[in-house]
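Here is the structure we will look at.
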Amino acid sequence: MRTAVIILGHGSRSTGSETALQKVVAEMRKGGHALVEHAFLQYVTPAPHEVVARCIGQGAERIVIVPFFLQAGAHVTKD
């Protein structure tokens, strides 16, 4: 069974905040997880429904969504 992993971030209006999540995905791919994508709940793309469709299109039979709310958004950098 081909499994996709979607790392799901909140999203932020802060420029560059998505970089942390993109780095996590890149490291997971280096570790041998071929079908790993990222998505955001709001403010930036891609949206979760877009990424789920993309994973299905790549042959995913199971999709695991992992919440990741640690990127440098406004609450982390200012609050």
Side-chain angles (χ1 to χ4, degrees):
M1 176 180 296
R2 185 167 175 149
T3 300
V5 177
I6 299 173
I7 309 298
L8 179 65
H10 181 275
S12 173
R13 288 176 268 199
S14 299
T15 303
S17 64
E18 67 276 6
T19 304
L21 197 61
Q22 292 167 340
K23 287 180 182 180
V24 170
V25 169
E27 290 300 316
M28 288 183 69
R29 287 179 181 154
K30 284 182 194 176
H33 302 282
L35 193 47
V36 180
E37 300 286 343
H38 68 279
F40 297 98
L41 292 176
Q42 59 184 19
Y43 302 121
V44 292
T45 58
H49 70 277
E50 296 168 329
V51 179
V52 167
R54 185 182 322 152
C55 290
I56 292 169
Q58 294 178 53
E61 298 170 280
R62 180 174 71 165
I63 298 174
V64 177
I65 300 176
V66 180
F68 184 87
F69 298 101
L70 302 175
Q71 69 265 29
H75 294 297
V76 174
T77 59
K78 293 182 182 176
D79 296 338

- Query: Transitively linked via ILVMFWY side-chain contacts under 4.5 Å: Leu8 with Leu35?
  - Reply: no
- Query: Do His38 and Pro46 come within less than 4.5 Å of each other through their side chains, counting heavy atoms only?
  - Reply: yes
- For the side chain of Arg29 and the backbone of Val36, is there at least one donor-acceptor N/O pair under 3.5 Å apart? yes
- Calculate, to the nearest 0.5 Å, the distance between atoms OG1 and CD belonging to Thr45 and Glu18 respectively. 8.5 Å
- Query: How long is the gap from CG on Leu21 to OG on Ser12, to the nearest 0.5 Å?
  - Reply: 12.0 Å
- Task: Just do the side-chain contact (heavy atoms from CB on, under 4.5 Å) check on Val51 and Ile63 with the steps written out, would you?
- Result: CA-CA 10 Å; Val51 179; Ile63 298 174; over 6 Å; no
- Task: Using atom types as modelled and distance alone, determine if a side-chain donor or acceptor of Glu37 lies under 3.5 Å from a backbone N or O of Ile6.
- Result: no
- Note on the structure: Between Glu61 and Met1, the two heavy atoms sitting closest are OE1-CA, 3.3 Å
- Query: Between Phe40 and Pro48, what is the shortest heavy-atom contact and its length?
  - Reply: O-CD, 3.1 Å
- Message: Before you tell me yes or no, could you show the steps for His33 and Glu27 under side-chain contact (heavy atoms from CB on, under 4.5 Å), namely the whole-Å CA-CA distance, both residues' side-chain angles and the distance that decides it to 0.1 Å?
- Response: CA-CA 9 Å; His33 302 282; Glu27 290 300 316; over 6 Å; no
